[in-house]
Number of protein chains: 2
Amino acid sequence: MNEIEKPVYIQVIENLKEEIMHKCPNEPIMSERELALHFNISRMTARKAVDALVNDGYLYRIKNKGTFVADKTLYKSNTLYEEHEDTVYKNLYFNVIPADKEIAEKLNVKVEELILKIVRTAHYKGQPQTLDEIYFVKKYLSSDDIANISKVVDIKKCINESVVEQRFYPMIVPFKYAVLLEIAQGTPIINVQSIMRNHLGVPTLFFSSYLNPHQVTIQIKN
Amino acid sequence: MNEIEKPVYIQVIENLKEEIMHKCPNEPIMSERELALHFNISRMTARKAVDALVNDGYLYRIKNKGTFVADKTLYKSNTLYEEHEDTVYKNLYFNVIPADKEIAEKLNVKVEELILKIVRTAHYKGQPQTLDEIYFVKKYLSSDDIANISKVVDIKKCINESVVEQRFYPMIVPFKYAVLLEIAQGTPIINVQSIMRNHLGVPTLFFSSYLNPHQVTIQIKN
DNA sequence: CAGTGGTCTAGACCACATT
DNA sequence: ATGTGGTCTAGACCACTGA
């Protein structure tokens with residue numbers, strides 16, 4: 001019972017994903033013409049579904065030969081270090097502060113503009129993964145948002161809806177965060193700074209994350 | 001005079017890229033139907049070209065309104081730190097060595113398997129950018145390749161033709177490389193380790209790059 | 001030779017925006 | 001009412017592969 005009928009090619013994608021799960025890497029799937037017959041759709045529609053799955057790394061094509069299941073170890077996972085499903089976040093504090101020069105630049109607002117700053121930790125299986133500083137421009141937030149701080153920071157949703165720019169800086173763990181990350185003073189770490197923007201390029205969020213190198217590895221596959 | 005006639009949609013992409021360069025962000029381009037008329041092609045072909053440019057971050061679409069030029073500051077640039085066109089590479093040495101345990105694991109070969117190791121620097125405008133260690137499995141290389149070491153390491157080509165996995169490790173710059181990178185002993189840096197695989201998942205190249213933090217910033221946009 | 005992916009056409013209908 | 005992007009069809013030709 002679909003509330004709204006999904007486009008056909010989306011349904012085909014879902015069917016194919018299911019089918020791929022039961023196949024081995026490098027095993028061929030149905031040819032595009034077979035798919036068209038099988039789902040009773042045109043070949044262009046079948047092809048559109050396959051296009052999407054190739055693009056997402058589930059399948060690969062060889063011209064004149066066929067379409068094959070990609071090796072699962074070659075997942076495509078753009079951007080970011082991995083976040084486990086059951087990561088536990090704990091807000092250490094949040095506060096409204098005037099922007100200093102650095103933050104004002106990142107968020108493209110004037111110095112002294114009011115900023116909502118949240119500092120939190122992320123734990124997984126009791127181990128500290130990251131220490132995050134999160135900065136919002138207060139005037140872009142509704143009072144509702146501020147009341148529900150914990151809900152505001154749905155980073156995954158933000159990432160999907162925005163353009164994200166991330167920079168990676170090597171540094172020695174800041175003195176005040178070594179204890180919270182449970183790592184030795186003087187440990188070299190990576191600080192990931194993310195700026196999220198809407199489609200017009202206006203920054204909406206600045207995110208500075210200190211990674212525990214014993215717990216988190218940044219990894220990019222394509 | 002084309003040696004081989006390019007597909008129409010590729011030509012349209014090139015035309016559109018040229019046109020986009022002369023437009024401002026958020027300025028609309030021709031509608032898909034107009035494009036089809038203008039280039040005397042079918043709408044589906046025009047759409048395919050636009051699809052590609054949207055995917056690469058040159059354009060964005062708003063349903064029922066049109067297609068617009070994306071803000072240039074929001075380029076899509078997957079994977080890797082930026083490499084300038086006129087980066088100068090200098091091979092410090094190359095040698096055939098037996099694989100130690102670490103390298104053998106990365107390249108999925110036996111310990112003692114023969115490996116071609118290259119150490120090189122990358123300079124840009126006289127400044128050292130990175131110190132790279134590059135490892136090939138010798139038996140996968142032709143003697144021709146080995147004769148032309150400088151040509152072997154066309155990394156960009158490798159990346160486009162392979163599946164790349166990159167990991168980022170924070171560390172203190174290794175003693176022996178601090179001088180070559182012209183940075184102080186004890187400086188925290190990022191070490192990028194890349195493994196390139198063919199479509200069957202077989203590793204073909206291991207690449208370990210020590211980044212000069214004063215020169216190179218890792219940056220990811222989506 | 002039949003089958004594959006890659007490209008391309010000339011239409012079509014839909015839901016939604018703007019005027 | 002018109003125009004937009006989003007989807008979809010039922011064909012077509014090409015270059016190439018492998019039996």
Side-chain angles (χ1 to χ4, degrees), chain A residues 2-17 19-20 23 25-70 160-161 198-200, chain B residues 2-17 19-20 23 25-70 160-161 198-200:
Chain A
N2 289 330
E3 298 174 14
I4 300 176
E5 190 71 21
K6 288 178 189 173
V8 175
Y9 79 97
I10 297 286
Q11 298 175 38
V12 175
I13 287 175
E14 287 167 359
N15 272 277
L16 283 177
K17 274 191 184 175
E19 199 182 318
I20 289 168
K23 282 182 177 274
N26 308 312
E27 200 174 327
I29 65 164
M30 277 185 279
S31 77
E32 295 170 359
R33 288 166 181 84
E34 282 175 321
L35 284 172
L37 280 174
H38 182 268
F39 289 109
N40 195 27
I41 57 180
S42 78
R43 184 179 156 216
M44 287 302 279
T45 302
R47 189 171 167 79
K48 184 165 184 174
V50 174
D51 274 344
L53 290 172
V54 168
N55 224 317
D56 285 348
Y58 290 92
L59 300 173
Y60 65 94
R61 289 199 255 237
I62 298 181
K63 203 197 286 195
N64 309 320
K65 293 192 71 173
T67 304
F68 305 86
V69 176
N160 286 333
E161 293 177 355
N198 63 21
H199 260 306
L200 298 174
Chain B
N2 289 330
E3 300 175 14
I4 300 174
E5 191 70 20
K6 289 179 189 171
V8 175
Y9 80 97
I10 297 286
Q11 297 175 38
V12 175
I13 287 174
E14 288 167 359
N15 272 277
L16 284 176
K17 274 191 183 175
E19 199 181 319
I20 288 167
K23 283 183 177 276
N26 308 311
E27 199 175 327
I29 66 164
M30 278 185 279
S31 77
E32 294 170 358
R33 289 167 180 81
E34 282 176 320
L35 283 172
L37 280 175
H38 182 268
F39 289 109
N40 194 29
I41 57 180
S42 79
R43 185 180 155 215
M44 288 300 278
T45 302
R47 188 172 168 79
K48 183 164 184 174
V50 174
D51 274 344
L53 290 172
V54 168
N55 223 317
D56 283 349
Y58 290 91
L59 301 173
Y60 65 94
R61 289 199 254 236
I62 298 181
K63 204 195 286 195
N64 309 320
K65 293 193 71 175
T67 304
F68 306 85
V69 176
N160 286 333
E161 293 177 357
N198 63 21
H199 262 162
L200 298 174

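Letters A, B, ... are given to chains in the order of the sequence lines, protein chains preceding strands, and every chain is numbered from 1.
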Would you mind writing out the side-chain donor-acceptor pairs for residues 47-54 of chain A within the sub-3.5 Å range, not counting sequence neighbours?
| from | atom 1 | to | atom 2 | distance (Å) |
| --- | --- | --- | --- | --- |
| R47(A) | NH1 | E32(A) | OE1 | 3.3 |
| R47(A) | NH1 | E32(A) | OE2 | 2.7 |
| D51(A) | OD1 | R61(A) | NH2 | 2.1 |

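E27(B) contributes no side-chain N or O that, together with a main-chain N or O of F68(B), makes up a donor-acceptor pair within less than 3.5 Å. Using modelled atom types, no side-chain atom of K23(A) and backbone atom of V69(A) make a donor-acceptor pair closer than 3.5 Å. At least one donor-acceptor pair closer than 3.5 Å links the side chain of E34(B) to the backbone N or O of S31(B).
Using a 4.0 Å cutoff to heavy atoms of chain A, the contacted part of DNA chain C runs 5' to 3' from dG3(C) to dC8(C).
For the pair S31(B) and P7(A), both in contact range of DNA chain D, the more 5′-proximal nearest nucleotide belongs to S31(B). Sequence order on DNA chain D of the closest nucleotides to N40(A) and M30(B) puts M30(B) first from the 5' end. When each of M44(A) and N64(A) is assigned the nucleotide of DNA chain C with its nearest heavy atom, N64(A) is the one assigned upstream, toward the 5' end.
Contact record, A46(B) with A36(B): CB-N, 4.1 Å, taken as the closest heavy-atom pair. Contact detail for A70(B) and G57(B): the closest heavy-atom pair is CB-O, 3.3 Å.
Rounded to whole Å, atom P of dG18(D) lies 13 Å from atom NZ of K63(A).
Between L35(B) and L16(B), some side-chain heavy-atom pair lies under the 4.5 Å cut-off.
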Would you check, one step at a time, whether the test side chain to side chain contact (heavy atoms under 4.5 Å, CB included) holds for F39(A) with T45(A)?
-> CA-CA 10 Å; F39(A) 289 109; T45(A) 302; over 6 Å; no
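With a cut-off of 3.5 Å on both pairing distances, the Watson-Crick and G-U wobble pairs of DNA chain D assemble into stems of 3 or more at C:1-16 with D:3-18.
Residue contacts shown for V50(B) are absent, as no nucleic acid heavy atom lies under 4.0 Å away.
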